[in-house]
Amino acid sequence: MNPKKKSEALFLVFLISLIAISTSAVYAAQPTITDISVKNSKVSGEIEVFCTTTSRIDNLYAYFDNKQCAWDLWVGATPQSKFTCKNVILGEGKAVKCVIGNNIAEKSLTIETIEVNPAQPIANSQIEVFCTTTSRIDNLYAYFDNNKCLWDSWIDATPKSKFVCGAAFVSEGKNKNAKCIIDEPPIIEKTLAKDVNLARIETIEAPAEATVGTSIEVFCATTSRIENLYAYLDNKRCDWKFWIDTTSKSKFVCDAITVGQKTVKCDIGGQSSTEKTSNINVKNPCENNKCWDKTSKKCIDNQKDAQNPQLIENKICIDGNWQYSDSRYTPNKESRGYCPEQNQCLVSLSGDPSANNIPIPEKNPRCIAQGQFINNDYCDENGEWSTLTKFVALQLKNMVSSGSDYILFCGSPETVLNDLSYQLEGKLIKDFISKPNNLANNFCVLSYTQNNANKVVIGTSLNKPLEEDKDFLKSISVNIDACNGIKDDGTYQKCSNTNAWYNKKMRSIIYNKNEILIGQQNTQSSFLKNIFAEIKTKLGISPLPAGDNTFVENLARFDKLYLSKNGNKEIKASIDERGTKNLLAQYFNFNTDICKIVENYNAKNNDASSGIKCRKDGNAFYVIAQGSSSSKLDPSKIWNDLTSKLRVI
């Protein structure tokens, strides 16, 4: 070959190679779009689009719904550009797109598909929604039936997100919307209409007859398996056992408690529209109101009037029916026994059963019902004794403005009225009860400030209604007819032209010689219970040697109570003097080491059956004392020392 031509050929090959290398380098350096995100602008009708590339490039563009957006700025030092799209119309089917140059590189963001699992959802069941986008995006949300779902996970490496609508409790209906949206409020959204069927109970199977005291099997079949399925007999929930094979039928076991025509009910989630009932006749094979014992296969005598009834599985035979019952104390805790009804309180083991629920001492009932009282002893919830004094204290405490200083002291007249020598109309309060016929029960005295004036208010419950004995009104110089016409509605009402307020239903009176405002009526015992439940929790100790922890476990009576606030210092104390005496106290913001005082006192005064303990927690001291009148340490004798006479800083 001619050397010149050979040289030209080599140069041509070199030139072509150089162009190829150069072109390859250009294409290798070409940025690509790695991510797109979108969010609402603060300006109405605008959205912000963010395009991320492998490197910064000038000829980068963004579009929303095929309308070009205006470039705004680079985000920090990253290769992410912010664009502003104005006058946009948001909604379903919209897409956002980032483009480099003349479509050299392009990436779109839109919602492609929505899936719902199960494909035919059941109301009140867990629903899964799957949203697939063209690329992964964080500000993606899902809704079903207008209930927001919880994001769960990405499906593998795809841009499909799983959402769980477990707490949706969707209602039955046609064309419920499953919705996927990008950003909130939605910039891009897609909806899917689904029909929602409410799971229904198809059949209920129960025997036509059963024997009282036995267990019966009930079968509830539904249109599909559902977790919140329940069965009831005698309005008592039955025990779920298992699904029958692979069907949607559940087996329940129910106890036949009482005799008679009963209703068996299958129910979904407590919704009356999804229940089905069946009747069952519960028979008693025994005569004379005896009860059938399924274990011994014998008839058990009626225990309605028995002082010490025979219990079988915590149930008592009452007039041919087995009834659940817990033992309970008499008011003074001298005896323990049972009542024929669960919500009754035991007055006396030797009481007359025929006088039950007649709260008159002369009638001598064995038990009285919840909400009834004899003298100061009030039958509270679950057969638990409380006092009318508690409700007087609650009402007095409610008269004190939040954050104000006060002293509230409740106890026997001898303790409260002698120790606090307050005067009304020139007479000591103790003179109001000078009559020997026991007009009133325990007293509460409240000392506080109202409208910049110091006030002393007394409150007590009476042993007889005012319409039967008006001597108490005479003792406080109130017209004996002033309280006539008071309604029996459980609230304190003002007696005419006086400063006395009377609660006819609770037989309680509150009085001050000057004008007082009762304010909001308050009979909720949770306030006091919460205080002393906290003290019990903070102490976290086992019973003292006396061993009776009943008061600590069941705080209810509060017939002796002390609450005070002076600046940031507070005292809260109560004592139960029935049986073994129990005292609880709490002190806030005292600089004196109360625990040290308590420990020194205990070292000198405790014995095998009594003692006092203290615990410090932050700025609070917690004290418990237990003992009796016959022990070396008697909580009643140190009550005033720990409350009204306490002189520490």
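- Between the side chains of Asn503 and Ser508, no donor-acceptor pair is found at a separation under 3.5 Å.
- Atom CG in Asn289 sits 7.5 Å away from atom SG in Cys317 (nearest 0.5 Å).
- The shortest side-chain heavy-atom distance between Ile638 and Tyr601 falls under the 4.5 Å cut-off.
- For the residue pair Ser629 and Lys581, the shortest heavy atom distance occurs at OG-NZ, 3.1 Å.
- By the ring-ring contact (aromatic ring centres under 6.0 Å, His included) test, Phe621 is found to be paired with no residue, residues two or more places apart in sequence or in another chain being considered.
- Residues Ser628 and Thr580 are not in side-chain contact: their nearest non-hydrogen atoms beyond the backbone lie 4.5 Å or more apart.
- The shortest heavy-atom contact between Thr258 and Trp322 is CG2-O, 4.5 Å.
- No hydrogens or angles considered: nothing links the side chains of Asn499 and Asn512 as a donor-acceptor pair under 3.5 Å.
- Put simply, the side chain of Asn606 does not reach to within 4.5 Å of the side chain of Lys632, judged on heavy atoms.
- Sulfur atoms SG of Cys339 and Cys345 are positioned 2.5 Å or more apart.
- Applying the side-chain contact (heavy atoms from CB on, under 4.5 Å) criterion to Gln261, with sequence neighbours excluded, gives Asn279, Asn281.
- Salt bridge absent: Lys504 and Asp488 never bring a charged side-chain N and a carboxylate O closer than 4.0 Å.
- With Phe588 as the aromatic partner, Lys565 does not meet the cation-pi criteria of under 6.0 angstrom to the ring centre and within 45 degrees of the ring axis.
- In this structure, Leu446 and Val456 have side chains that are not in contact, with every pair of non-hydrogen atoms separated by 4.5 Å or more.
- No hydrogens or angles considered: nothing links the side chains of Arg507 and Ser461 as a donor-acceptor pair under 3.5 Å.
- Between Arg328 and Glu384 there is no salt bridge, since none of the side-chain N atoms of the basic residue sits less than 4.0 Å from a carboxylate O of the acidic one.
- Here the rule is side-chain hydrogen bond (donor to acceptor under 3.5 Å, both in side chains) with Asn441, and of Asn375, Thr460, Asn463 only Asn463 fits it.
- In this view, Glu217 and Lys251 satisfy the salt bridge (Lys or Arg N to Asp or Glu O under 4.0 Å) rule, not counting sequence neighbours.
- Residues Asn302 and Asn288 bring no donor and acceptor atom of their side chains to less than 3.5 Å of each other.
- Aromatic ring pairs are classed by plane angle as parallel below 30°, tilted from 30° to 60° and perpendicular above 60°; the pair Tyr587 and Phe590 is perpendicular.
- Ser644 places a side-chain heavy atom less than 4.5 Å from the side chain of Tyr562.
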Next on the checklist: Using side chain to side chain donor-acceptor pair (under 3.5 Å), reason through Gln493 and Asp489 one step at a time and then give a plain yes or no.
Outcome noted: CA-CA 10 Å; Gln493 299 172 47; Asp489 61 0; 3.0 Å; yes

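- Because its NZ or CZ atom is not both nearer than 6.0 Å to the ring centre of Tyr622 and within 45° of the ring axis, Arg615 does not count as a cation-pi partner of that residue.
- Using a 3.5 Å distance cut-off with no hydrogens or angles, the side chains of Thr389 and Asn376 do pair a donor with an acceptor.
- Asn321 and Gln323 are not linked by any side-chain donor-acceptor pair at a separation below 3.5 angstrom, with hydrogens and angles left out of the test.
- For Gln342 and Asp326, the side-chain atoms include at least one donor-acceptor pair closer than 3.5 Å.
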Next on the checklist: For a side chain to side chain contact (heavy atoms under 4.5 Å, CB included) check, start with the C-alpha distance between Tyr502 and Leu466, then their side-chain angles and the critical distance, and finish with the verdict.
Outcome noted: CA-CA 9 Å; Tyr502 184 54; Leu466 283 180; 3.6 Å; yes

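- Aromatic ring orientation, Tyr378 versus Phe373: parallel (interplanar angle below 30°, classes split at 30° and 60°).
- Side-chain contact between Leu642 and Leu583: present, with at least one pair of heavy atoms (C-beta onward) separated by less than 4.5 Å.
- By the 4.5 Å heavy-atom criterion applied to side chains, Glu341 and Asn357 are counted as neighbours.
- For the pair Leu563/Lys572, a side-chain contact is recorded, criterion being any heavy-atom separation below 4.5 Å from C-beta on.
- When only modelled atom types and interatomic distance are considered, Lys505 and Thr491 share no side-chain donor-acceptor pair under 3.5 Å.
- The existence of a salt bridge linking Arg366 and Asp352 is excluded, since no basic side-chain nitrogen approaches an acidic carboxylate oxygen closer than 4.0 Å.
- Around atom NZ of Lys616, more than 12 heavy atoms belonging to other residues, nucleotides or ligands sit under 6.0 Å away.
- If you take CD1 on Ile509 and SG on Cys483, they are separated by 5.0 Å, rounding to the nearest 0.5 Å.
- Between Cys614 and Cys595, the gamma sulfurs sit within a distance below 2.5 angstrom.
- Remark: Cys291 SG to Cys299 SG, distance not under 2.5 Å.
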